[in-house]
Amino acid sequence: MKTTNRAVRTPGGLSVRLDVRAVTVVLLLLVAALAASVVLIGTGDFPIPAADVLRTLVGEGNPGQEFIVNELRLPRVLVGLLVGASLGLGGALFQAISRNPLGSPDVLGLGQGATAGALVVIVLSSGSANQVAAGALVGGLVTGLAIYVLAWKRGVHGYRLVLVGIGVSAIVTAVNGYLLTKSDIVDAARAVVWMTGSLDGRDWDQVWPLLALTAVLVPLVLVNARGLRMMEMGDDVSYALGVRVERVRLLLMVAAVLLTASATAAAGPVSFVALTAPQLARRLTRSPGPNLLPSLCMGAALLVVADWVSQRAFGAEQLPVGVVTGVLGGVYLLSLLVSERRAGRI
């Protein structure tokens with residue numbers, strides 16, 4: 001098989017190994033995400049051509065276009081990009097740490113934990129949108145901590161992490177059902193809408209906290225990407241090569257939990273993006289390893305495209321974006337099962 005790796009040497013003598021196919025996939029996904037964002041910003045009851053959207057984004061639009069683009073539509077699109085990127089990167093981290101393609105936040109119960117935190121705020125205090133987001137963030141962090149503690153036994157290993165996560169997910173799902181039965185009809189309806197996962201009504205108040213957290217966590221994750229890739233060879237080999245395995249694993253798990261919890265706090269539990277984005281990215285790059293940047297870009301592109309589908313594909317009837325990602329994710333899983341069965345692996 002022909003290799004796509006290239007060695008790049010800087011004038012200072014630093015040599016960097018570059019996977020040309022992976023870099024190409026990242027660039028194409030970035031272009032796709034940005035192009036879909038421009039189309040989405042121009043879509044609505046007051047359509048705006050893509051050229052006018054671009055002019056407005058650089059400050060050359062008329063007052064009406066600037067209000068529609070900058071105040072109404074751009075924040076929603078930015079939240080979609082950041083949520084998708086956070087879920088894609090968080091899913092890639094969990095799948096790499098657990099060494100299991102099912103080791104995603106959807107399966108491990110982090111989304112359900114964030115939902116529990118939001119439901120507590122909605123049901124017990126009828127809190128504001130910001131309070132619900134804070135409750136979801138706390139719920140996700142507490143759930144992640146519980147999973148890590150329960151899975152710890154001289155370290156955290158893949159299958160134990162997945163099994164504990166499935167158990168915690170079942171418990172938290174039961175708690176969520178109980179909270180819904182104890183709420184009045186208005187709070188229950190509000191909670192169900194939030195639990196579906198939606199970008200409706202998102203504004204700059206959701207953009208800035210998510211952007212700040214992403215700007216801190218993404219570089220932190222990428223700095224530790226080498227250690228994560230070496231850990232795929234096993235803990236003993238990683239120790240021998242100088243990787244502080246448990247320190248790297250804990251640091252990256254905290255980052256993955258924060259990414260997932262913050263995304264859920266901003267948009268609700270948008271399903272399947274964290275599960276499918278890393279696997280789709282790996283299929284495109286055909287590269288071993290966690291594929292962190294491709295997964296991040298794939299998650300962003302998936303969620304923006306899904307948001308466009310939720311708004312335009314069903315006529316005047318708009319769906320929450322979580323419904324669309326759930327359908328697409330379910331179709332992907334079914335196709336994956338069929339291909340695995342045909343290959344004789346299941």
Side-chain angles (χ1 to χ4, degrees), residues 83 86-120 135-179 195 197 217 221 228 231-232 234-235 245-265 267-279 282 290-292 295 299 322 325-326 329-330 332-333 336-337 346:
V83 167
S86 298
L87 291 175
L89 182 57
L93 287 172
F94 273 115
Q95 290 179 22
I97 291 171
S98 65
R99 303 173 195 168
N100 191 318
L102 293 179
S104 79
D106 298 316
V107 177
L108 297 180
L110 292 175
Q112 291 84 344
T115 300
L119 285 178
V120 168
L137 184 61
V138 172
L141 292 175
V142 170
T143 304
L145 177 62
I147 293 171
Y148 187 85
V149 170
L150 292 173
W152 174 270
K153 185 179 180 183
R154 295 189 296 275
V156 174
H157 300 282
Y159 283 106
R160 187 160 60 241
L161 181 68
V162 173
L163 291 174
V164 169
I166 292 173
V168 170
S169 175
I171 294 172
V172 177
T173 299
V175 171
N176 292 343
Y178 172 77
L179 289 172
M195 290 168 63
L217 292 176
V221 168
L228 180 62
M231 285 163 54
E232 293 189 339
D235 289 0
V245 174
E246 287 306 325
R247 178 181 177 276
V248 172
R249 184 180 285 129
L250 177 60
L251 181 65
L252 293 179
M253 277 196 65
V254 170
V257 170
L258 284 172
L259 286 166
T260 305
S262 61
T264 305
V270 180
S271 59
F272 281 112
V273 174
L275 178 64
T276 58
Q279 297 183 34
R282 189 174 294 111
N291 286 279
L292 298 180
S295 299
T325 60
Y332 170 76
L333 283 179
L336 180 63
L337 289 173
I346 59 174

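Treat the numbers as computed from the prediction; the structure is a model and nothing was measured.
Within the 4.5 Å cutoff, the side chain of L93 has heavy atoms near those of the L228 side chain. Within the 4.5 Å cutoff, side-chain heavy atoms of Y148 are placed close to those of L250. D106 has its side chain out of reach of V273: every pair of non-hydrogen atoms, C-beta onward, lies at least 4.5 Å apart. Put simply, the side chain of L87 reaches to within 4.5 Å of the side chain of T260, judged on heavy atoms. Residues V168 and L108 fail the side-chain proximity criterion, which asks for heavy atoms closer than 4.5 Å. For the pair Q95 and P290, the minimum side-chain heavy-atom distance is 4.5 Å or more.
Checking V142, V149, T143 one by one against L145, the side-chain contact (heavy atoms from CB on, under 4.5 Å) holds for a single residue, V149. Paired with F94 under the rule side-chain contact (heavy atoms from CB on, under 4.5 Å), one option of L89, L252, L110 passes, and it is L110.
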For this session: Start with the C-alpha distance between V175 and L119, add both sets of side-chain angles, then the distance that settles side chain to side chain contact (heavy atoms under 4.5 Å, CB included), and finish with yes or no.
Result: CA-CA 10 Å; V175 171; L119 285 178; over 6 Å; no

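The distance from atom CE of M253 to atom CG of L161, rounded to the nearest 0.5 Å, is 5.0 Å.
Applying the side chain to side chain donor-acceptor pair (under 3.5 Å) test to Q112 and every residue at least two apart in sequence or in another chain returns S169.
Residue A136 comes nearest to A265 through the heavy atom pair CB-CA, 3.8 Å, listed as atom of the first residue, atom of the second, then distance.
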